[in-house]
Amino acid sequence: MRDAAEPPPKALELLSHILAAEHLWLARLRASSATVPVWPAFDPAGCARLAEETHAGYRAYLEALRAEDLAGEVPYTNSAGASFRSTRADILLHVALHGSYHRGQMALLLRQAGAVPQPTDYIAYVRGAPAATRQS
């Protein structure tokens, strides 16, 4: 079994990307500038720092958000230079779905490397217990 402190490089790349994308979308929601690229090369400690910073940022943003603000549009320019406008609700849903997609990829990479990944099912997260497996 692989040491949990040494994730497969591709899994670490995906985690770095998830966190950077969440950071980028929060910056767009706040009408500010992102401070990391979309595909950074973080080590596990760098991921932990950005995760903590971004979590705190989303908490503050969401606590101040009113229900009627969700329909408001946010203008932004994507990484290819194209301009768009999306509702806050669509952006927040995208952030959740984007992370879910890549967490599934990471779980597969970790299993292929002989590690046991954390549960990625939302319901398992909500109830604070791992999802059922083929062995349980």
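- The backbone N or O of Val74 sits nowhere less than 3.5 Å from a side-chain atom of Arg85 that would complete a donor-acceptor pair.
- With Asp43 contributing its side chain and Ala45 its backbone, the two residues share a donor-acceptor pair below 3.5 Å.
- Looking only at distances, no side-chain donor or acceptor of Ser100 sits under 3.5 Å from a matching main-chain atom of Ala96.
- Heavy atoms only, all atoms of each residue included: Pro40 and Ala20 are closest at CD-CB, 3.5 Å.
- The closest donor-acceptor contact from the side chain of His23 to the backbone of Thr35 lies under 3.5 Å.
- Residues Leu24 and Leu14 share a single hydrophobic cluster, defined by chaining ILVMFWY side chains whose heavy atoms lie under 4.5 Å apart.
- Going from atom CZ of Arg88 over to atom CG of Asp90 covers 12.0 Å, rounded to the nearest 0.5 Å.
- Cluster note: Leu97 groups with Leu93 through ILVMFWY side-chain heavy atoms spaced under 4.5 Å, whether in direct contact or through intervening members.
- Within 6.0 Å of atom CZ in Arg59, 12 or fewer heavy atoms from other residues, nucleotides or ligands are found, so the atom counts as exposed in its surroundings.
- Within the structure, no pair that satisfies the ring pair (Phe, Tyr, Trp, His ring centres under 6.0 Å) test touches residues 41-66, not counting sequence neighbours.
- With Arg28 contributing its side chain and Thr77 its backbone, the two residues share a donor-acceptor pair below 3.5 Å.
- Under the 4.5 Å side-chain criterion, counting only non-hydrogen atoms from C-beta, Gln112 is in contact with Leu109.
- Every residue two or more places apart in sequence or in another chain that forms a ring-ring contact (aromatic ring centres under 6.0 Å, His included) with His98 is listed here: His17, His94, His102.
- Sorted by first and then second residue, the salt bridge (charged side-chain N to carboxylate O under 4.0 Å, His left out) pairs involving residues 10-20 (not counting sequence neighbours) are Lys10-Glu13.
- A side-chain donor-acceptor contact under 3.5 Å links Arg103 to the backbone of Gly99.
- Within a 6.0 Å sphere centred on CD of Glu73, other residues, nucleotides and ligands contribute more than 12 heavy atoms.
- A heavy-atom distance below 4.5 Å is not found between the side chains of Leu92 and Thr87.
- In Gln105, the CD atom is crowded: over 12 heavy atoms of neighbouring residues, nucleotides or ligands sit closer than 6.0 Å.
- Within the model, atoms CH2 of Trp39 and OG of Ser79 stand 10.5 Å from one another, a figure rounded to the nearest 0.5 Å.
- The same ILVMFWY cluster, assembled from side-chain heavy atoms under 4.5 Å apart, contains both Leu50 and Val38.
- Under a hydrophobic-cluster definition in which Ile, Leu, Val, Met, Phe, Trp and Tyr are linked whenever side-chain heavy atoms come within less than 4.5 Å, directly or via other members, Ile18 and Leu110 are assigned to different clusters.
- Clustering of Ile, Leu, Val, Met, Phe, Trp and Tyr by side-chain heavy atoms under 4.5 Å joins Leu12 with none of the others.
- Looking at every heavy atom in both residues, Ala113 comes nearest to Pro8 through CB-CG, 3.7 Å.
- Two residues are said to be in side-chain contact when any heavy atoms from C-beta on lie closer than 4.5 Å; Thr54 and Leu19 fail this criterion.
- Taking CZ from Arg30 and CG from Leu26, the interatomic distance works out to 4.0 Å, rounded to the nearest 0.5 Å.
- Taking a 4.5 Å side-chain heavy-atom cut-off between Ile, Leu, Val, Met, Phe, Trp and Tyr, the cluster of Leu108 contains only that residue.
- Inspection of the Ser83 and Tyr76 side chains reveals no N or O donor paired with an N or O acceptor under 3.5 Å.
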